[in-house]
Structures are given as C-alpha cells and as structure tokens.
Amino acid sequence: MVLNGFAVYKGNNQLDRLGIVKATMPKIEFNKETVTVAGILGDIKKGAVGNTKEYDVSIEFLNASEEHFDLLYPNGTLLTFRGQIQTTSGTKAMKVVIKAETNGLELGDFEPSKKMGTKIEVTTPYLYIEIDGDEVFEHDKENMVYRV
C-alpha cells in the first residue's frame, strides 16, 4: 500500500489549497491510570472513553508561502488533508480534518536549488478521519465528542 497525491487545504474548501505536504499524523494514545483493587489478580490500566493525550501534527511544505503564515492565527485554523490510499485491489480516498493550533513555524533552509523544507508543528483538539467516504474516527475534545 502507498499513499498517493496527498495535499492540504485551508478549511474544507478544495479550492483553497495550501500545497502538497509531508505530514506526520497524530498518535492516538489514551490516558490511563493503573488500578489495584480487591477481587482482581494484579494491576490493570484503565482509562475514560475519549480521554487521550494531546494530538501533535507535523506538516512540511516544500517552500514558504504567504498562506502558511495564516496558520499562526492563535485560535486555530481548520485544515483538511486529502489523498488516495493505493492498494493492490484499487484505491480509496482518505480525508483527515484537524483544527491546527500552531506550536511553531520553522522556515527551513536557504540553500540554492534545494527545497526549503518549511515545517509547521501543531497541536489539535479536533481530529476527523474518513476513508472512502466512511467516517471512521472523530474526536472533538472541546465539545466532548468521541466516535469510532
């Protein structure tokens, strides 16, 4: 399986394209507490449904652009990533939506005939994943929504 033609858009508008990117999507990791009680043989880790650690996303563009500075808006910006998952049995569309709250912007390197490698690190309280038109995951921490 390969990822084919991934791009990022501002908001949910396919006409407002920010570019082709390399993005490291967040790790979904639950906050858990070790519990020891009478009636069980040892410790177990338990967590509340939807209570996760923070979601960090890294987005790398080839070069800096004016639109990338819009992502520095302190209240966050909705970003939509769209691409194709290519398998031996065909392709499936993939869509990931996040509310990007920027941690920082790295402009990259100024080197002749090379990509700059502009990188933006964000934290997101909202994560939505769709594969082939089917919603597979939605987590909105601020509005207490958790759907799998």
Side-chain angles (χ1 to χ4, degrees), residues 1-35 44-148:
M1 289 187 3
V2 296
L3 192 57
N4 188 356
F6 223 78
V8 64
Y9 303 86
K10 193 171 171 188
N12 202 14
N13 184 353
Q14 291 189 41
L15 300 176
D16 202 357
R17 185 170 142 171
L18 293 175
I20 303 292
V21 299
K22 175 184 176 188
T24 302
M25 291 290 126
K27 179 179 181 181
I28 301 171
E29 188 176 5
F30 295 95
N31 289 318
K32 293 194 172 191
E33 187 70 32
T34 300
V35 178
I44 56 173
K45 285 193 174 189
K46 288 288 185 178
V49 173
N51 190 331
T52 63
K53 296 186 178 181
E54 64 184 20
Y55 296 138
D56 291 321
V57 179
S58 175
I59 306 164
E60 187 175 340
F61 296 93
L62 296 176
N63 297 306
S65 173
E66 302 87 19
E67 293 88 4
H68 302 157
F69 289 90
D70 291 344
L71 301 178
L72 296 177
Y73 185 66
N75 291 335
T77 306
L78 202 64
L79 297 179
T80 302
F81 299 84
R82 292 181 178 274
Q84 294 285 327
I85 300 170
Q86 184 176 319
T87 67
T88 54
S89 60
T91 61
K92 294 181 179 186
M94 183 168 187
K95 174 180 162 182
V96 176
V97 180
I98 65 169
K99 179 182 176 188
E101 296 179 356
T102 305
N103 297 334
L105 169 67
E106 184 181 320
L107 288 175
D109 300 322
F110 280 46
E111 189 177 344
S113 302
K114 301 284 183 179
K115 70 176 184 169
M116 286 178 66
T118 301
K119 187 184 273 188
I120 297 172
E121 303 284 338
V122 303
T123 299
T124 180
Y126 179 78
L127 176 62
Y128 174 87
I129 303 169
E130 190 178 283
I131 297 177
D132 233 14
D134 296 324
E135 177 184 316
V136 294
F137 185 81
E138 182 177 29
H139 192 189
D140 185 345
K141 293 182 177 195
E142 295 170 330
N143 294 305
M144 299 198 59
V145 173
Y146 182 78
R147 283 195 284 261
V148 179

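Values reported hereafter were calculated over all heavy atoms of this structure, with side chains retained and with hydrogens, waters and symmetry mates removed.
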Side chain to side chain contact (heavy atoms under 4.5 Å, CB included), that's the test. Do Val8 and Phe81 meet it? Break it down for me. CA-CA 4 Å; Val8 64; Phe81 299 84; 3.6 Å; yes
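The NZ atom of Lys46 sits 14.5 Å away from atom CG of Asn51, with the distance rounded to the nearest 0.5 Å. Atom-to-atom distance recorded for Leu72:CG and Ile120:CD1 is 6.5 Å, nearest 0.5 angstrom. In this structure, NZ on Lys119 lies 5.5 Å from CD on Glu60, to the nearest 0.5 angstrom. Here the CD-CG distance, from Glu54 to Asn31, works out to 10.0 Å after rounding to the nearest 0.5 Å. Taken to the nearest 0.5 Å, the CD1 atom of Ile129 stands 5.5 Å off from the CE atom of Met94.
Side chain to side chain, Gln86 and Thr91 fail the donor-acceptor criterion of an N or O pair below 3.5 Å.
Of all heavy-atom pairs spanning Glu121 and Ser58, the tightest one is OE2-OG, 3.2 Å. For the residue pair Phe6 and Gly83, the shortest heavy atom distance occurs at CD1-CA, 3.4 Å. What you find for Lys92 and Ile131 is that their closest heavy atoms are CD-CG2, 4.2 Å. Heavy atoms only, all atoms of each residue included: Thr80 and Gly11 are closest at OG1-O, 2.5 Å.
Looking at Asp70 and Leu18, their side chains never come closer than 4.5 Å, going by heavy atoms from C-beta outward. Within the 4.5 Å cutoff, side-chain heavy atoms of Val21 are placed close to those of Phe61.
Residue Leu79 forms a side-chain contact (heavy atoms from CB on, under 4.5 Å) with just one option from Ile59, Val57, Val97, and that option is Ile59. The ring pair (Phe, Tyr, Trp, His ring centres under 6.0 Å) test with His139 is passed by exactly one of Phe30, Tyr126, Tyr55: Tyr55.
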Tabulate below the donor-acceptor pairs under 3.5 Å that side-chain atoms of residues 100-108 make, not counting sequence neighbours, or state none.
{"residue": "Thr102", "atom": "OG1", "partner": "Leu71", "partner atom": "O", "Å": "2.3"}
{"residue": "Asn103", "atom": "OD1", "partner": "Thr123", "partner atom": "OG1", "Å": "3.3"}
{"residue": "Asn103", "atom": "ND2", "partner": "Thr123", "partner atom": "OG1", "Å": "2.9"}

Exercise answer: donor-acceptor pairs, residues 141-148 side-chain atoms, under 3.5 Å, sequence neighbours excluded:
{"residue": "Lys141", "atom": "NZ", "partner": "Thr52", "partner atom": "O", "Å": "3.4"}
{"residue": "Lys141", "atom": "NZ", "partner": "Thr52", "partner atom": "OG1", "Å": "3.1"}
{"residue": "Lys141", "atom": "NZ", "partner": "Lys53", "partner atom": "O", "Å": "3.0"}
{"residue": "Glu142", "atom": "OE1", "partner": "Lys99", "partner atom": "NZ", "Å": "3.3"}
{"residue": "Asn143", "atom": "ND2", "partner": "Asp140", "partner atom": "OD2", "Å": "2.9"}
{"residue": "Arg147", "atom": "NE", "partner": "Glu135", "partner atom": "OE2", "Å": "3.3"}
{"residue": "Arg147", "atom": "NE", "partner": "Glu138", "partner atom": "OE1", "Å": "3.3"}
{"residue": "Arg147", "atom": "NH2", "partner": "Glu138", "partner atom": "OE1", "Å": "2.2"}

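The number of heavy-atom neighbours closer than 6.0 Å to CZ of Phe137, taken from other residues, nucleotides and ligands shown, is above 12.
With sequence neighbours excluded, the residues forming a side chain to side chain contact (heavy atoms under 4.5 Å, CB included) with Thr34 are Asp43, Lys45, listed by chain and number.
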